[in-house]
Structures are given as C-alpha cells and as structure tokens.
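Below is one structure, written out as structure tokens, with a few remarks after it.
Just so you know, these numbers come straight off a predicted model, no measurement behind them.
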Amino acid sequence: VGSVVNWPSDTFDAQGSGGIAAFLETEDYAIGYLDAGHGHSLGLQEIALENKNGKSLSSTQADIAAAGNVALASSVIREPDADWSGVNLYDLEGDTTWPITVFSYFYVRKNVSDMPPKTAALLKAFIEFSMSAEGGELLKKHSFAQVPTQVKTYNENTLTKMTWPDRMMEFGFELASKTQMGVGAGRYMISGKRRGFEEYTLEALSKDVAELSGKVTTVVQLHGSGTTNPSKLIWEAMDLFEERARQPMHMTYRAVGSGTGQSEFLGETNPRGAFTPYNDFGCGDIPMSQANYNKLTKPMVHIPFAMSAIAIFHSVPASANGGAAIKLTGCVLAKIFSRQIKTWDDQEIKALNPSLTVPANTNIKVVHRVLGSSSTAGTTEYLKKACPASWTLDVGSVVNWPSDTFEAQGSGGMATFLETEDYAIGYLDAGHGHRLGLQEIALENKDGKSLTSTQADISKAGDVALASSVIPSDPSADWSSVNLYDLAGETTWPITVFSYFYVQKDLSSMDSNTAGALKAFIEFMLSAEGQGMASDFLFTPVPKEILDYNAKTLRSMIFPAAMPAFGFETASSTMKGRGAEAYMISGKRRSYAEVERELMMKKISALEAKLAAPGAAPAPAPVLAAESSDDETDPLGIIALVFAALAILVSGVALYFAMRATSSVCFAKFEDRGSADCRTIGSPTQA
C-alpha cells in the first residue's frame, strides 16, 4: 500500500490523473481510479461500490461529507498538532458514506509568531475564507465537497490554538452582496465589491459560454444493420424521424443480410474492442443463433416488429396449369430442392396437379441464395420440420446445394432469375415476389390446406407461437430455436418469419440521446403508424399479443439515467405547446421533399390504375423532331406525362425555327443526353 506500488506486470501505466483519464476514455473494458470530480467532468462511467454498511452506491449518490463526521465522532481525527499519519476516511460506517473519501489539508506550523505579521494575517484570512460559505461554493464549482459543520468548528478551534505574531492585523471580509459602508474601505478588508477587469471579463466569458452551450444542439445519431427484407421500411421510418424531429438527427441502416447483422451486433472482432457492437442495434429475419448467443458478453433482447411470408415462386408458363396455382406439399418441395425430383412432369407433381401440361422431362431449375440468407434459413428449416425424411440437405442460412442447382446473389438476384429463366423455382420474400408479378406455388400447410401466401393469415402464426410457448417468456433468453414454421391452423402460412430488432438489454452505457432515439424508434415501429407502414411494404403487422409482449420487453430494459424521453405528435392531432418541445417527433413537421414524394406516389398510383383498367388505351409514344420515335413507352404514367410535355416544347421550338432561314438545329436525344442528332432544315415547306 502507499503512493507507489509494485503492480502486476500485465497492468497498464498512466502518467498523472490526466493519463488515467485518457486511458479510460480511449481503451474499452478498462478500469482505474481517479478523483470523482475529474472523472465525472469528463463523463466517465463510475463503478457502484459497496460501502461498509453493504450499500452499493456511486460517489454522486453518496454523502461525501458524512465520512468527516464519522471520523470526528469515532476519534479517527486527533488533536491538530498530533501525529496524523494514521488518519484516513476509508471504509467508515454509514448508509450514505463513500468508502474512499479523503481530506485535502493545509499544512501549517502551529507557532507562526516569527512570520511577518502581514503574511501571517493573510494566511489566517485565506484559511478562514476557504471555510466560509463563499469558499464552499468555490469548492463545489471545482467538484469538491465542503467539510461538514463539525469539522469546520474543529478547524476554527485549531486556529485559536495557534500562536500568531503580536502585532498581526486581522483581515476582514465584505461580501459582494452586502455593502459595509466605511468598513469595506479599510486597508485590511477583503472586499467582494472590489474586482479586477480580468475577473469581470472571465465571469462575462463564462456566462457567454454557458449561454452558447445551451444553444448548441447535438446531432442525435442512430445506426443499425442487418436483414435486407424490411430495409425499405426501416429507411422510410428513419427518413420520417429526421424530418419530424426538432433535434437534428442522423439515422442510418445498412442492408447487409441477417447473418452480417448478427455478426456486427455481436462485434466479436471489432477493432474498438472485442464484443463491442458495430452499431446501436441489429436486425434480422431469424433469431440470434445459439453459437452467437453463447458468445454474448451482455444480455440481449429480441423485439419482433413485423411478420412476413417466405413464398415459393416459379416460372412455369401460367397456361401450363390452366391458370391455376401449382400445388406442392412440403415433402414434394423438399425432394425438388434436394434434386430427388428433377423434372416438372414427375409423377409426384402430376399427382397434385393433374391438369399440369409441360414438355416431357422439362428440367426444374432450382435457384438458391448464396452467402448468409435468412430466406435460405427459413426455407430449409421449414423443409426439415415439415418433411425430415425427404430433406437430406443441411439447414441454415448457408447450405451445400447440389451442383446442378443455380446460384443467385441476394433477393434481387433470385427475382431476376425467376423473371428471366423459364421452368425455374426458388424462394423469396412474398411481398417482393408479388410486387414483381411472379407466380406463387400453393403450398400445403400443417392442416393439409393448399394455399398461397396471399390467401393465408400471416399473423396467425404469431398468435399460435405465443399461445404454444414457442416464444420464450423471457425476451433475453436464447431464442435460437424459435421459429414459426409449419404451425397449426387452417389459414396459417407454413413459412412465416418475424423480423427482429437485436438490442442490448442494458443500454445504461449508451449515449443518452442515442438510447432515447433507439427506444423511440422501436416504439414508432410498433405503433399504429409504424405497423401501417409495414403493411404498405407488404409486411404483416404483428398481432396485439406480440405488441403487448414487446411493450413488456421495453419496460424490462435498462436505459441511461439522463436519457431524454422522446414523444410523438400525430399529423391528425395537434398537441399545443408540447408538440414544439425539443424531443417531440411531430407529424406536423414535414419536409417539402416528403410532401412531393407523397404527391408523386398518389399520381403514379392513379395513373397505373388507369393503365390497368380494361380497355385503357396505351400512352402515345413521344415524337422527337419530325420523326416518330421507336423508344418503348414507359408504363408509368408520370413518365409519359413528362415526355408528352417535352414533346410539345420540342414541337414549338421546331415550328419557330422552321419559319426562319435555313439553319442547323440540334435535337438532343433523350436516350443519350451526351450526344446530339443534328439535321439541316431547309425551307418552311420542307419543315
């Protein structure tokens, strides 16, 4: 023990309190000791230490001065001129006593009679000032605690026991708040009415800094990564937050797949520190794997915020089955994907679809995702559960597929293959596939009902899972075995998945603004508006029972003590005054870009509806210069309108120049804005 210690060789050295502070600020998972005021001024996290009475508390929760009273009452403090080498305030009794408390001392000779009288008087006055109310305020300003009243009285008695010079003058004090007429002008008066320009300037600057600090607005940041399936939903929700917030916000989400989302949430090899998440939250369409869950150094929770169906799509010509959906059972599908069944006219397929007519021995082009994919995990785990005897391949996000199958990069690659290759079959998020107009297999569910995802009740699987204890009662438990595959119910879809937020249960060490934004973002995604947005992106809202479960999960989480509570003002209900508060996400705040996007989407929807109506005439192709264009007409009505307007403008320009003398006119090609189609126009009759 002492001021210099031989520490173990695998500990770290730091030069001064500044070195300790710098190490704790820059190195993750470190621990060290530091003056409490210094540490808190830097925003460092403090250990809650158990005191002698068994109470765990931080220095900010403790009564620092209490140790002084206990020391005086228990005779730890001795006569002022005795040997104080054994005096310390460590581990003293008291429910609110901090166990590592120290005094700061003045060391003064008891007999200063040989000291110059003015110097001795100034020394005495300085000690008295440090014990005064004004001195106490200075101590607080610098994160110290003033000695308690009993110790102050002890010190006053100590001063009376000292020997001072015979002709020493006593200094007096005049407070800045109380004028002592005449007396305050005395030679030995320390007057708060006297000030130097430096002090005045410093005080003014301090006030200015405090005022400006109050006006400085911190940008609230929130970052996540994970599954691609709900990425557009998350991006739009983040856009709305940034547009509706009064506080500046910067929110990002990287669509990298569920596997990468889990890896980055785990942060096992993060250069900033092992097992430090790369982002503030993760996202996936599969629960955290058991291997990853077992590596966690801090508890996490799963928060299911949307539901979706993985559907089986194909590219067999619709006429081949008379326009009816092709039916498959889980076992037949397992044999197709594992290449036990290789042709569309196989007897097991024909038995389920008697009217199916395809060329003999037409190969089934099985296409699958590469790299880690939640869709692969969902499909293979369903097949294993529904028909274990027929599914002979692996299960999970990465599978060793037969060599005569086809690979696709991402859900986009899967969709492209199904759009461009005839007689193919693959798996895809149902919403994605139906947006592209792909044909879906009618899959037999556990109750023996053949149906497509559009005919099923997707949310039903969530109710069944909760009622049958598939979902753990503890949101921080191991969810690796949780799945909604092949559950009972006539309208239940057999390959249903949750989209989850992966969140640490204890966020007390997270930046308070970020933690507040994360909690608010999750609450928004679970709100009526957030769940409505999920429907817009062809996801299924989670049932009420799951929403209640999630609300309980949020209540069980630990958030920073100083975390701001974000609120919500809807576009339809004005909250006078409250809606203008700093941490209010208001539907009354909008950006012009958002308004224009909404207006454009309404126009596009209306025009698409007109184009889709029976007997609707196709939009005319735009005419460029004097010739008709061979360019295809874009089916989107809004683009047709733009081209039509430009065609009118070009026609007007052509007419104007045609009435002038022969000149060379260039008409920019719309299909290649970097080149020009230049023609020589002669007389008006030629034009």
Side-chain ([X]) to main-chain ([Y]) donor-acceptor, under 3.5 angstrom:
{"X": "E243", "Y": "A593", "value": "no"}
{"X": "W7", "Y": "F12", "value": "no"}
{"X": "Q262", "Y": "S289", "value": "yes"}

- Task: Start with the C-alpha distance between E268 and K295, add both sets of side-chain angles, then the distance that settles salt bridge (charged side-chain N to carboxylate O under 4.0 Å, His left out), and finish with yes or no.
- Result: CA-CA 8 Å; E268 184 174 3; K295 292 178 182 178; 3.1 Å; yes
### Task
Quick one: do E598 and R590 satisfy salt bridge (charged side-chain N to carboxylate O under 4.0 Å, His left out)? Show the steps, please.
CA-CA 11 Å; E598 182 180 299; R590 303 183 71 184; 2.8 Å; yes
Tell me whether the count of non-hydrogen atoms from other residues, nucleotides or ligands lying under 6.0 Å of [atom1] in [X] goes above 12.
{"X": "L205", "atom1": "CG", "value": "yes"}
{"X": "R578", "atom1": "CZ", "value": "no"}
{"X": "N294", "atom1": "CG", "value": "yes"}
{"X": "D13", "atom1": "CG", "value": "no"}
{"X": "Y592", "atom1": "OH", "value": "no"}
{"X": "K385", "atom1": "NZ", "value": "yes"}
{"X": "E596", "atom1": "CD", "value": "yes"}
{"X": "K588", "atom1": "NZ", "value": "yes"}

For the residue pair [X] and [Y], confirm or rule out a side-chain donor-acceptor distance under 3.5 Å.
{"X": "Y278", "Y": "S263", "value": "no"}
{"X": "Q221", "Y": "T514", "value": "no"}
{"X": "N279", "Y": "Y253", "value": "no"}
{"X": "E46", "Y": "S59", "value": "yes"}
{"X": "K505", "Y": "S556", "value": "no"}
{"X": "D285", "Y": "N229", "value": "yes"}
{"X": "N550", "Y": "T553", "value": "no"}
{"X": "N483", "Y": "E381", "value": "no"}

With a 4.0 Å cut-off on N to O distance, would you call [X] and [Y] a salt bridge?
{"X": "R254", "Y": "E264", "result": "yes"}
{"X": "E523", "Y": "K519", "result": "yes"}
{"X": "K55", "Y": "E50", "result": "no"}
{"X": "R369", "Y": "E407", "result": "no"}

Suppose we call two aromatic rings close when their centres sit under 6.0 Å apart. Are [X] and [Y] close by that rule?
{"X": "F241", "Y": "F524", "value": "yes"}
{"X": "F406", "Y": "H368", "value": "no"}
{"X": "Y500", "Y": "F498", "value": "yes"}
{"X": "F265", "Y": "F281", "value": "no"}

Check your understanding: P543 and side-chain contact (heavy atoms from CB on, under 4.5 Å): which partner among D463, I458, D457?
Key ->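 That would be D463; it is the only one of D463, I458, D457 passing the side-chain contact (heavy atoms from CB on, under 4.5 Å) with P543.
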For a 4.5 angstrom cut-off between non-hydrogen side-chain atoms, does [X] reach [Y]?
{"X": "L428", "Y": "I310", "answer": "no"}
{"X": "V399", "Y": "F337", "answer": "no"}
{"X": "F305", "Y": "I522", "answer": "no"}
{"X": "F521", "Y": "M251", "answer": "yes"}
{"X": "L333", "Y": "I441", "answer": "no"}
{"X": "F313", "Y": "H434", "answer": "yes"}

Least distance between heavy atoms, L538 atom then G431 atom
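Taking every non-hydrogen atom into account, CD1-O, 3.2 Å.
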(request) Tell me, with the steps shown, if D548 and K544 meet salt bridge (charged side-chain N to carboxylate O under 4.0 Å, His left out). (result) CA-CA 6 Å; D548 293 340; K544 181 182 181 301; 2.8 Å; yes
